[in-house]
Amino acid sequence: MDTETILYWGASALVGLFTALYAALVLWSPPAIVTHDSEKKYRSRQHPKTPQPLSSLSDPSTVDLTVVIPAFNETERLPDMLASTIDHLRATPLKLSYEILIVDDGSTDGTADASLKLAAQYPDSDIRVVKLEQNLGKGGAVRHGMLYSSGERLLMVDADGASRFMDLDALMKAMDKIGPNNAPAITVGSRAHLVKTEAVVKRSLLRNILMYGLHTILRIVGVGHIRDTQCGFKLFSRQAARHIFPAQHLPTWIFDVELLLLAKQLGIPVAEVPIEWHEVPGSKLNVFTASLQMLRDLLIVRANLLLGRWKGLSFTFAVFPRELKLFL
Ligand SMILES: Nc1nc2c(ncn2[C@@H]2O[C@H](COP(=O)(O)OP(=O)(O)O)[C@@H](O)[C@H]2O)c(=O)[nH]1
Ligand SMILES: *[C@@H]1O[C@H](CO)[C@@H](O)[C@H](O)[C@H]1NC(C)=O
């Protein structure tokens, strides 16, 4: 074979390889998240039977804080978590007006109805319950709650009560520093300072091995500057949320990384704040399948952002809310 033939076949092989990789990316990328009409309404203590339209992230805020709680089969863990959440919101010197948005992620254990019963116990609190028709995954549930929030700041927090809700005040103060005057900003709870302590050492060996593996991969993917990407306790200013959540594609467990990558791409400041944490039994995460899924999703996010198939919203979109409506 002469050089020309070798070059010809080599080039063809390369083109074939890239085409195949690109096709794999398109095939594996999650489809756009579909929002059903029933999911744009909520039920509450006042309206347990007739669903009311939810607020939109593109509208101006009407309360200081929205607490978004993704909940999948959480009838057992939600009552305690909600009690400590409301105890703190009532007591905090920050004196926040708030709403609590429980997003039932297609549960089959009656989480939504149980949430409504709980809401009746807290007449001073605006508790809204949305039920997703199908299970989307934690990322999809959080995204949904954020897109229909009315708070000036939006907190996502797990239903398991693993974080100490009073740490909210530390996230709020950190945000006053990095995002004064409601500028785009994100503050995330971090358990990095706990790594050498009992709470983490007591976790299973598998979970810890996976944690170190994850950290290595996260460095490669481009969020090595954040020490704890996976903490379920994260606060967004409304401006930051308007840029980030409409652009989120991943409904799965690793969506936090996508959010942080989008923040980086958009130049939105992120501060990590050390918080308390205790492992709560009843995690519905299958660590093994979640890890494989995570690896796939990380590659997909990175490739899509690199190739420009996925983009953070440009600032003009978030500044002109009417345009943003197209995305909701
Ligand atoms: N595992 C799981 N959790 C979900 C899902 N959708 C929403 N969530 C909520 O995501 C939060 C974290 O889930 P959890 O199983 O406790 O994971 P862990 O905190 O990592 O142990 C909880 O509030 C869940 O109710 C889902 O599809 N699967
Ligand atoms: C959710 O709860 C229902 C009722 O208890 C149960 O049948 C179902 O298997 C649970 N689903 C998951 C994924 O845990």
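Order of appearance sets the numbers: ligands from 1, and atoms from 1 within every ligand.
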**OP:** May I ask you to list the atoms of ligand 2 that are less than 4.0 angstrom from any heavy atom of F72?
**Re:** 13 (C)
**OP:** Using a strict 4.0 Å cut-off to heavy atoms of D160, name the atoms of ligand 1 that fall inside it.
**Re:** 16 (O), 19 (O)
Original post:
Looking at atom 16 (O) of ligand 1, what's its closest protein heavy atom, distance included?
Top reply: R77 NH2, 2.9 Å
Subject >> Under 4.0 Å to a heavy atom of D105 - the qualifying atoms of ligand 1, by number >> reply: 5 (C), 6 (N), 7 (C), 26 (C), 27 (O)
Original post:
Quick one: do D158 and R77 make a salt bridge, cutoff under 4.0 Å?
Top reply: no
Original post:
If you group Ile, Leu, Val, Met, Phe, Trp and Tyr by side-chain heavy-atom gaps below 4.5 Å, do W28 and M294 land in one group?
Top reply: yes
**OP:** Determine whether the side chain, the backbone, both or neither of K138 has a heavy atom under 4.0 Å from any heavy atom of ligand 1.
**Re:** both
Subject >> Transitive ILVMFWY side-chain link I254 to L25, under 4.5 Å >> reply: yes
Subject >> Numbered atoms and elements of ligand 1 in range of N135, under 4.0 angstrom, heavy atoms >> reply: 26 (C), 27 (O)
**OP:** Return yes when G137 approaches ligand 1 closer than 4.0 angstrom through a heavy atom, no otherwise.
**Re:** yes
**OP:** Could you find the nearest protein heavy atom to atom 7 (O) of ligand 2 and give me its residue, atom name and distance?
**Re:** T108 OG1, 4.5 Å
Original post:
Against heavy atoms of E74, which atoms of ligand 1 measure under 4.0 Å?
Top reply: 22 (C), 23 (O), 24 (C), 25 (O)
Original post:
Protein heavy atoms: any of them under 4.0 Å from atom 14 (O) of ligand 2?
Top reply: yes
**OP:** Mind telling me whether W310 and H249 have parallel, tilted or perpendicular rings, with 30° and 60° as the class edges?
**Re:** parallel
Original post:
Tell me: protein heavy atom nearest atom 5 (O) of ligand 2, and distance?
Top reply: D109 CB, 4.0 Å
Original post:
Can you tell which of L89, I127, D126 makes a side-chain contact (heavy atoms from CB on, under 4.5 Å) with Y98?
Top reply: L89
Original post:
Can you tell me the protein heavy atom closest to atom 9 (C) of ligand 1 and the distance?
Top reply: P70 O, 3.5 Å
Original post:
Would you say atom 13 (O) of ligand 1 touches the protein, meaning some protein heavy atom is under 4.0 Å from it?
Top reply: no
Subject >> Between CG on residue L116 and OH on residue Y42, distance to nearest 0.5 Å >> reply: 11.5 Å
Subject >> Element-labelled atoms of ligand 1 that are located less than 4.0 Å from some non-hydrogen atom of D158 >> reply: 11 (C), 12 (C), 19 (O), 23 (O)
Subject >> atom 18 (P) of ligand 1: the protein heavy-atom neighbour that sits closest, reported with distance to 0.1 Å >> reply: S283 OG, 3.8 Å
**OP:** Could you list the atoms of ligand 1 found under 4.0 angstrom from a heavy atom of A159?
**Re:** 22 (C), 23 (O)
**OP:** Check whether the side chains of Q52 and S44 place a donor and an acceptor atom closer than 3.5 Å, and report yes or no.
**Re:** no
**OP:** For a side-chain contact (heavy atoms from CB on, under 4.5 Å) with V130, tell me which candidate from V68, D104, L54 qualifies.
**Re:** L54
**OP:** Quickly, which of V221, T229, I226 forms a side-chain contact (heavy atoms from CB on, under 4.5 Å) with L261? Name it, please.
**Re:** V221
**OP:** Specify the protein heavy atom at minimum distance from atom 20 (O) of ligand 1: its residue, its atom name, and the distance to 0.1 Å.
**Re:** R207 NH2, 3.7 Å
**OP:** Measure the distances from the heavy atoms of A71 to every atom of ligand 1 and state whether one is below 4.0 angstrom.
**Re:** yes
Subject >> Any side-chain donor near an acceptor of the partner, D105 and H144, under 3.5 Å >> reply: no
Subject >> Side-chain donor-acceptor contact under 3.5 Å, S38 with E133 >> reply: yes
Original post:
Using a distance-only test with no angle check, is there a side-chain donor-acceptor pair under 3.5 angstrom linking R296 and T252?
Top reply: no
**OP:** Just need the protein heavy atom nearest to atom 2 (O) of ligand 2, so name the residue and atom and give the distance.
**Re:** N73 ND2, 2.4 Å
Original post:
At their closest point, which heavy atom of S84 faces which heavy atom of F165, and how far apart are they?
Top reply: O-CB, 4.3 Å
Original post:
Tell me, which protein residue and heavy-atom name are nearest atom 15 (O) of ligand 1, and how many Å apart are they?
Top reply: K284 N, 2.9 Å
Subject >> atom 4 (C) of ligand 1 - nearest protein heavy atom and its distance >> reply: F72 CB, 3.6 Å
